[in-house]
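Encoded as structure tokens, the structure appears first; notes follow it.
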Amino acid sequence: MSAVIEKFIRYVKFDTQSDTETGLTPSTPGQMFLAKELTKELEEMGLENVSLDENGYIMAVLASNLDHEVPTVGFVAHMDTSPDFSGKHVKPQFWENYDGGDILLNEEKDIVMKVADFPELKKYKGQTIITTNGNTLLGADDKAGVAEIMTAIEYLTEHPEIKHGAVHIGFTPDEEIGKGADFFNVKKFGAAFAYTMDGGEIGELQYENFNAAFAKISFKGRNVHPGMAKDKMINSMLIANEFLTRLPENEVPEKTEGYEGFYHLISMAGNVEESNLQYIIRDFDMHNYEARKQFVQSLCDEFCKKYGEGSVSLEITNQYYNMREKIEPVKYIVDIAEEAMKQVGVEPMIIPIRGGTDGSRLSYMGLPCPNIFSGGHNFHGRFEYVPVESMEKSVEVILKIVELISKR
Ligand SMILES: [Zn+2]
């Protein structure tokens, strides 16, 4: 078994599922158990400044062995797994020389991963695939990334003849509940830029994501006995209904892709007296993003005119921004990753993320941070899987990036 797989199999046995409800960081104690194990391994490898803080953030430094200055690169991955599906008692299964057909994950429960549902499986015919046993997620998101970084670093410590600049390592808790960047000390981390090893399938390289806002719109009505309601009752639900039909019907997640933005109604609730709509607003382009928020505001103003002052109120909050703005000025860091992939025989797939990453937040905190594949598929559920060959390539990409930087 190759080093990266041995590590991966060990790490997925830690239950590190994060939890939105505890209000703690890390949100669950299991993450700290894995963090302690990783800290121990980093120390055993002889890294410098290995630290694990009370919030579960690990940082460590592989010192430069060059006699000249090169930029300090960082690699970042998250230790938690999604709250959406159990990560307890993960029992990975190996499918060697995969035949390209359906995979029976669990005979007892008759859980089958079908090629008809997941046609990308066919790309891995002849490779070794690691799956779950159908009862849990796998945790390749993002323990594949953790194992890949650990393996690359271990390789460099075992091969001192390979010349490299300083490489800084960061492992974070609670990415899956959107808090992975909250207590990330960018200054202490001390890298000029970094890569999150948290993408999906082999070749993924991402440096663009949505600008994101959350909007809550409240409608006030007036309840009166329906028998005496003429010219008196105002039904807030009907106003809310009128409002939502004014948003462009094709600009919704289920009808958009690529660089197209949307207004997504995520919740509606109400009665005659009061109704609420909740939207998330997404756009890659900052100008369009502002225009979308402005459009919602102007609709609210218009409805206030029609139904009376205070009848409609809007609360809008920015959630995160497109990291492209912060990466464009240092675009060479994307070029290095792209070149590294090509040199190890991986075809780069540069695609925008229709969501956010911790890297986008880190980029706005001063650490430009594109995202690179860790190799997995079908994250956050029982059908999660990762091909061994993709993880091994990811390790090669990390090593090649370090090499390319050492030659700058
Ligand atoms: Zn992830």
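- When side chains are defined from C-beta on, Asp110 counts as touching Leu104, because their heavy atoms get closer than 4.5 Å.
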Contacts under 3.5 angstrom, residues 44-52 side chains, donor-acceptor by atom type, not counting sequence neighbours:
{"unit_1": "Ser51", "atom_1": "OG", "unit_2": "Lys188", "atom_2": "NZ", "d": "2.9"}

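- Residue pairs satisfying the salt bridge (charged side-chain N to carboxylate O under 4.0 Å, His left out) criterion with at least one member in residues 93-105, sequence neighbours excluded, are absent.
- The salt bridge (charged side-chain N to carboxylate O under 4.0 Å, His left out) pairs that include a residue from residues 240-258 are Glu242-Lys306, Arg246-Glu302, Glu251-Arg292, where partners are two or more places apart or lie in different chains.
- The residue from Phe171, Phe183, Phe189 that alone fulfils the side-chain contact (heavy atoms from CB on, under 4.5 Å) condition with Tyr57 is Phe183.
- Residues that satisfy the salt bridge (Lys or Arg N to Asp or Glu O under 4.0 Å) test with Lys393, not counting sequence neighbours, are Glu396.
- Each ring pair (Phe, Tyr, Trp, His ring centres under 6.0 Å) pair with one or both residues in residues 2-40, not counting sequence neighbours, would appear here, but there are none.
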Report all side-chain donor-acceptor pairs from residues 374-389 shorter than 3.5 Å, counting only partners two or more places apart or in another chain.
{"unit_1": "Ser374", "atom_1": "OG", "unit_2": "Gly199", "atom_2": "O", "d": "3.0"}
{"unit_1": "His377", "atom_1": "NE2", "unit_2": "Tyr124", "atom_2": "OH", "d": "2.7"}
{"unit_1": "Asn378", "atom_1": "ND2", "unit_2": "Phe383", "atom_2": "O", "d": "3.1"}
{"unit_1": "His380", "atom_1": "NE2", "unit_2": "Asp141", "atom_2": "OD2", "d": "2.9"}
{"unit_1": "His380", "atom_1": "NE2", "unit_2": "Glu176", "atom_2": "OE1", "d": "3.1"}
{"unit_1": "His380", "atom_1": "NE2", "unit_2": "Glu176", "atom_2": "OE2", "d": "3.3"}
{"unit_1": "Arg382", "atom_1": "NH1", "unit_2": "Gly134", "atom_2": "O", "d": "2.5"}
{"unit_1": "Glu384", "atom_1": "OE1", "unit_2": "Leu138", "atom_2": "N", "d": "2.8"}
{"unit_1": "Glu384", "atom_1": "OE1", "unit_2": "Gly139", "atom_2": "N", "d": "2.9"}
{"unit_1": "Glu384", "atom_1": "OE2", "unit_2": "Ala140", "atom_2": "N", "d": "2.9"}
{"unit_1": "Glu384", "atom_1": "OE2", "unit_2": "Asp141", "atom_2": "N", "d": "3.0"}
{"unit_1": "Glu389", "atom_1": "OE1", "unit_2": "Thr128", "atom_2": "N", "d": "3.1"}
{"unit_1": "Glu389", "atom_1": "OE2", "unit_2": "Thr128", "atom_2": "N", "d": "3.4"}

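- The salt bridge (charged side-chain N to carboxylate O under 4.0 Å, His left out) contacts involving residues 341-354 comprise Glu338-Lys342, where partners must be two or more places apart or lie in separate chains.
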Report the C-alpha separation of Ile266 and Phe214 in whole Å, then their side-chain angles, then the decisive distance to 0.1 Å, and conclude whether the side chain to side chain contact (heavy atoms under 4.5 Å, CB included) test is met. CA-CA 10 Å; Ile266 56 169; Phe214 173 79; 3.8 Å; yes

Could you list the donor-acceptor pairs under 3.5 angstrom formed by side chains in residues 158-167, with sequence neighbours left out?
{"unit_1": "His159", "atom_1": "ND1", "unit_2": "Glu161", "atom_2": "OE2", "d": "3.1"}

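- Looking only at atom types and distance, the side chain of Ser27 has a donor-acceptor partner in the side chain of Asp174 under 3.5 Å away.
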Checking side chain to side chain contact (heavy atoms under 4.5 Å, CB included) for the pair Phe210/Tyr321: CA distance, chi angles, key distance, verdict? CA-CA 6 Å; Phe210 276 140; Tyr321 298 105; over 6 Å; no

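- In terms of the salt bridge (Lys or Arg N to Asp or Glu O under 4.0 Å) criterion, residue partners of Lys40 (sequence neighbours excluded) are, by chain and number, Glu37.
- A side-chain donor-acceptor contact under 3.5 Å links Asn133 to the backbone of Asn135.
- Asp182 is linked by a salt bridge (Lys or Arg N to Asp or Glu O under 4.0 Å) to Lys179, Arg361, counting only residues two or more places apart in sequence or in another chain.
- Screening Asp142, Val12, Thr16 against Thr81 for a side-chain contact (heavy atoms from CB on, under 4.5 Å) leaves a single residue, Thr16.
- Among the candidates Asn288, Asn318, Asn211, Asp283, the single residue satisfying the side-chain hydrogen bond (donor to acceptor under 3.5 Å, both in side chains) test with Lys293 is Asn318.
- Ring planes of Phe262 and His264: perpendicular class, angle over 60° (limits at 30 and 60°).
- The salt bridge (Lys or Arg N to Asp or Glu O under 4.0 Å) check on Glu6 picks up Arg10, with sequence neighbours excluded.
- Sorted by first then second residue, the salt bridge (charged side-chain N to carboxylate O under 4.0 Å, His left out) pairs that include residues 189-217, not counting sequence neighbours, are Lys123-Glu201, Glu208-Arg324.
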